[in-house]
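First the structure, in the form of structure tokens, and then the observations on it.
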Amino acid sequence: MSDHDSRGMSRRSLLRGLGLGAAGLVTAKLALQPASAAAAGSGAAAIPRFTGPGPNPFWNSVGPYVTYPQKLPLIRLTDRPVQLETPRQYFGDAFTPNEAMFVRYHLPGEPNSVDLAKWRLRIEGRVDKPMSLSFADLLSRFEPTEVAAVVQCSGNSRSFFQPRVAGGEWGNGAMANALWTGVRLSDLLHQAGIKAGAVQIQFQGLDMGAGPPGYGSHAFLKSWNVGDPALDQAIVAYLMNGQPLPMLNGFPARMVFPGKFATYWVKHISWIRVLDHQDTNFWMAKAYKIPDTPTGATTPQDVASGKVHMVPIGVANLPVRSFIVSPDGSSKVPAGLPTTVRGIAFSGNGKVVKVELSDDGGKNWRQATLGDDHGPYSFRTWHTQWTPRSPGKVALAVRATDAQGNVQPDHGLWNPGGYLWNKIERQTLVVGPAS
Ligand SMILES: Nc1nc2c(c(=O)[nH]1)N[C@H]1C(S)=C(S)[C@@H](COP(=O)(O)O)O[C@H]1N2
Ligand SMILES: [Mo]
């Protein structure tokens, strides 16, 4: 075996130069090790504490690609309940293909088929005229309406939280945008007639099964206060991008609450129930709650001290976000030649009015060109030409501003549920010589 390293230096002569024999070098190294590693006699460096991904190497979560019915290969977080994440490349357009849209359930018993001849949407509870609508009723008896709206899981990007929090460790792919067609919830409620004394309106789909142990959460139930403006914007959607909903995204119809987190977008909607009391089921009273602070942020210390007041995430609109979709860092970009940088942006607080890119760590920002405007609740594409100056590594950062003047922050927030993440995204690129 050669005694020379790649620079041609004799290892033995190096040791002699340092005044150390091979044994002496080992002793010197051990003196620098933490006690545990030295005791183990391994000589290996101690493994540093895991502090989460660095500047965005894991855009998506890291599960296997799996193919479910009506779906492209998506990234699986869990199988029971089904949780699938959309890979980054499907965010190249304002509208996410139905086959690529992420999937999230809470209960293991999601329906695999729905018999449209038997399916009914019931409007019940404190109403003057309880209704039981067939799919044909929904299509023929109410005026259709449509809205382009982002469906984003409350826990999208949860895996970036520090300190880490429990829950589905999503990357950035628990979001999608679609054109939703259906009927206005307000038209249905108007026909049914809400009685005096109504407090909340509860939504329930067809999926069943045991939820978290000890909470009796056999059904996924979400509720809004009567009079919440979110109810006026809501639709019962039976088409997604002009097609029937894929089974896993809520066939035959789901709730759409534009600008609000997906947890309220109940799939396979079958019961709309007007309650005369506050809904205290697990999914409203315990889950999906955020600190009642201006940005929904708090600290583990404040939570531990019991002084954080938690409220349902329905009070929040989707915070403004933007993403670089390409280049994605998988190949080099040439120095001195223009590269087109593309991505998407959205906000639940008024439409995206500005997207900016920085290649110097956020000191200077250039404005990107916005794509077509599909309405305030939609993804908006953006693109800009950028010319890397010289070979090496460079990090691009992107930030969006919405109509209310909200700009993405350059720090991550923290709350115990892992919700509301909207930190400025970065993409590291390797710039190579152009030749
Ligand atoms: N019936 C039903 N609807 C549901 C859920 C569910 O578990 N069951 N999960 C909600 C949550 S938290 C999310 S993120 C979205 C996910 O929608 P998708 O599966 O179509 O992507 O559905 C919402 N609607
Ligand atoms: Mo979610």
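Order of appearance sets the numbers: ligands from 1, and atoms from 1 within every ligand. Everything numeric here is computed off the predicted structure, so don't read it as measured data. Just so it is clear, the values below take in all heavy atoms, side chains as well, and ignore hydrogens, waters and symmetry mates.
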Close side-chain approach of Gln191 and Ile123, heavy atoms under 4.5 Å: no
Side-chain touch Tyr65/Ile75, heavy atoms, less than 4.5 angstrom: yes
Quick check: does [X] get an N/O under 3.5 Å from an N/O on ligand 1?
X      : answer
Arg254 : yes
Phe102 : yes
Asn249 : yes
Lys267 : yes
Thr263 : no

Aromatic ring pairing Trp119/Phe135, orientation class (parallel under 30°, perpendicular over 60°, tilted between): perpendicular
Parallel, tilted or perpendicular: ring planes of Tyr264 versus Phe257, cut at 30 and 60 degrees: perpendicular
Shortest heavy-atom approach to atom 7 (O) of ligand 1 - which of Met240, His106, Glu85, Arg104: His106
Of the listed options Thr86, Asp207, Thr96, Asn156, closest to atom 1 (N) of ligand 1 (non-hydrogen atoms): Asp207
By number and element, which atoms of ligand 1 are closer than 4.0 Å to a non-hydrogen atom of [X]?
X      : value
Val103 : 19 (O), 21 (O)
Cys153 : 14 (S)
Tyr288 : 12 (S)
Tyr105 : 7 (O)

Carboxylate-amine/guanidinium contact Asp359 Arg389, below 4.0 Å: yes
Donor-acceptor side-chain pairing of Asp137 and Ser134 below 3.5 angstrom: yes
How far is [atom] from its nearest protein heavy atom, and which residue and atom is that?
atom                    : value
atom 23 (C) of ligand 1 : Ala262 O, 3.1 Å
atom 24 (N) of ligand 1 : Trp265 O, 3.0 Å
atom 5 (C) of ligand 1  : Phe220 CE2, 3.4 Å

Can you confirm whether [X] is buried at [atom1], in the sense that more than 12 heavy atoms of other residues, nucleotides or ligands lie under 6.0 Å from that atom?
X      : atom1 : result
Arg141 : CZ    : yes
His218 : NE2   : no
His190 : NE2   : no

Leu248 contact mode with ligand 1 (heavy-atom cut-off under 4.0 Å): backbone
Identified side chain to side chain contact (heavy atoms under 4.5 Å, CB included) partner of Phe323 from the options Arg88, Arg342, Gln427, Met175: Met175
Contact check, Phe261 vs ligand 1, heavy-atom distance below 4.0 Å: no
